[in-house]
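Encoded as structure tokens, the structure appears first; notes follow it.
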Amino acid sequence: MRVASTITAGLGLAGLLAGGVAAAAPPSKSTPRALSWGACSAAQKELIAAGAQCAKVTVPLDYADPEGRTIRLAISRVKAKSPERRGILLSNPGGPGGTGLADTLALRPALKDVADRYDLIGFDPRFLGESTPLTCGPAPRPAPPEPTTTPREDFEASVRAARDTARRCQEHGDNAALLPHASTRNVARDMDAIRAALGERKLSYYGVSYGADLGAVYTQLFPRRADRVVLDSSTDPAATQYELFQRSGAPAEAALAPRVRAEVRELLARAERRPIPVQGRRLNAPLLRMIFKQLVQHEEYDPQLAEVVGDVRKAAAGEDIAPGPALAGLLELLSSPELESSMVGGAIFMCGDGGWPAGGWPRNPATYWKNIQRSRATQPVFGPYVNGMIAPCAFWGSEPREPGTTIGNDVPVLLLQARHDNNVPYEGALALHRRLTGSRLLTADIRAHGVYGRGNDGLTPVPCADRAVNTYLRDGELPAADLTCPKPEARS
């Protein structure tokens, strides 16, 4: 069950845990053609096993000042094996805040023979993973919920956590100089710097979730350098990121079966007064909402959702339970330093953009509280979650350097979207499709977040989608028209 990535993609824990620049390619001085390839770090076991090489690409911190301060991007390469080599394929796993050094390699089982036609290039976006890092001050140990609470007290706790995260990020080390340059547009420029450093005329790309939006940004900044681009599970480029989170509430609510919905509402009503103890840990309503939201994203997670609801129901009744595998795994994840790191990585980009795909957060905490209360009438389970202070951007110290990216050209792109995606709703892909006039939209009639290569994660594959992507990447052939893939049969 791919829970860690879905939590990162949704960035649901950030509140709980805590003038335009020219789009030109950077000069050759900042992106040297000759890279020093060597062994990947010991932590990159999959890359090492695949015989990959790793290197660092030097890029400007500020593309408006290409002769100024530089940072370094960690990249990996698995060379093409076919004599019919096409070029390079980059990817991004989403987030924002997801590292990606081994991400393109991880696509290889789904790519099949297509993988041999590309140099598979992974990269950690600026300030993440093995690239030049940006870290925030250490987070204080979170105080456990009190035995009793109220929705307002829970909200005020999220405000305090967001304010503290913003302060720790702004004041730590050299961050005041780095944070203004954490933006989606700069990551897209970094991608083009990687292309230039590799001596390639164009790049091909696969991105999912935020990674899809990043790919769309690249096609706007560098339309003539985009080769074969696949955008999986994208969003409406006319919306702010806060609006996109809000829009996910209704489809998430609809994903709950009536019986489960009734039980979940009862548990949340209890937790909003008295957090539910599970093995010495109190689960408050915001935490439960975050857990339930992760488990409604994929149809295949329905059994785990039922298991978690059952465990929490028993705990609420006073039973001293041992959590089942699903709840135990989630609770372990919630305590992991890796999750805290991914949350910080997401925050620096969510707050760094001046607009779509990752910006546009209200500054006034009262706005969030008002929206939470309004949402309860129609979205009692997930409304308070998706309308809350998910990111610390209300208190961010640095201002975005650029506006969001406007979408509108005819670069050929293959869009994939699940019709019942309750993380990034289907209407967002339709909106992006209308703006990208050269695109084709493939719809999968499933409840999921991410359509291509689902078998890699133990989920039910969508063969029609996998074939369409591989045909496009292999032969350059987009579907003749938009198409809908039938609902695949679940694995036995």
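Throughout, numbering of the chain's residues begins at 1 and tracks the sequence.
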Practice problem: Given side chain to side chain contact (heavy atoms under 4.5 Å, CB included), test Phe292 with Tyr385 step by step and report yes or no. | Solution: CA-CA 10 Å; Phe292 295 146; Tyr385 172 85; over 6 Å; no

Distance alone, cut at 3.5 Å: any donor-acceptor contact between the side chains of [X] and [Y]?
X: Asn470; Y: Arg467; result: no
X: Glu300; Y: Thr460; result: yes
X: Asn92; Y: Tyr210; result: no
X: Asn409; Y: Gln220; result: yes
X: Asp421; Y: His449; result: yes
X: His433; Y: Arg440; result: no
X: Tyr118; Y: Thr104; result: no
X: Thr235; Y: Asp213; result: yes

Donor-acceptor contact below 3.5 Å, side chain [X] vs main chain [Y]:
X: Ser131; Y: Asp124; value: yes
X: Asn422; Y: Val296; value: yes
X: Ser439; Y: Leu436; value: yes
X: Ser209; Y: Gly211; value: no
X: Gln417; Y: Val424; value: yes
X: Asp353; Y: Thr184; value: yes

Phe395-Trp361 aromatic ring centre distance below 6.0 Å:
no

TODO: Compute the centroid of each ring, for Tyr242 and then for Tyr368, and state whether the two points are separated by less than 6.0 Å.
DONE: yes

Calculate, to the nearest 0.5 Å, the distance between atoms [atom1] and [atom2] belonging to [X] and [Y] respectively.
X: Cys464; Y: Leu416; atom1: SG; atom2: CG; value: 9.5 Å
X: Cys485; Y: Asp445; atom1: SG; atom2: CG; value: 10.0 Å
X: Leu441; Y: Leu415; atom1: CG; atom2: CG; value: 5.5 Å
X: Glu402; Y: Ser183; atom1: CD; atom2: OG; value: 5.5 Å
X: Leu295; Y: Gln304; atom1: CG; atom2: CD; value: 7.0 Å
X: Lys293; Y: Ile291; atom1: NZ; atom2: CD1; value: 14.0 Å

Knowing that exactly one of [options] qualifies, which makes a side chain to side chain contact (heavy atoms under 4.5 Å, CB included) with [X]?
X: Gln241; options: Cys393, Cys351, Pro96; result: Pro96
X: Tyr205; options: Ile88, Asp227, Val230, Leu214; result: Leu214
X: Leu105; options: Val78, Ile121, Leu111; result: Val78

Between Leu179 and Leu134, the two heavy atoms sitting closest are CD2-CD1, 3.7 Å

- Derivation and outcome, side-chain hydrogen bond (donor to acceptor under 3.5 Å, both in side chains), residues Ser91 and Asp103: CA-CA 7 Å; Ser91 71; Asp103 187 62; 2.7 Å; yes

*Would you sort out whether Gln246 and Asn371 count as a side chain to side chain contact (heavy atoms under 4.5 Å, CB included), showing the intermediate values?*
CA-CA 9 Å; Gln246 290 178 294; Asn371 292 338; 3.5 Å; yes

* Working for side chain to side chain contact (heavy atoms under 4.5 Å, CB included), residues Gln44 and Glu130 -> CA-CA 10 Å; Gln44 301 296 333; Glu130 297 184 19; 3.1 Å; yes

Inset, instruction - Could you please spell out the steps behind the side chain to side chain contact (heavy atoms under 4.5 Å, CB included) verdict for Val57 and Phe123? - result: CA-CA 10 Å; Val57 176; Phe123 74 101; over 6 Å; no

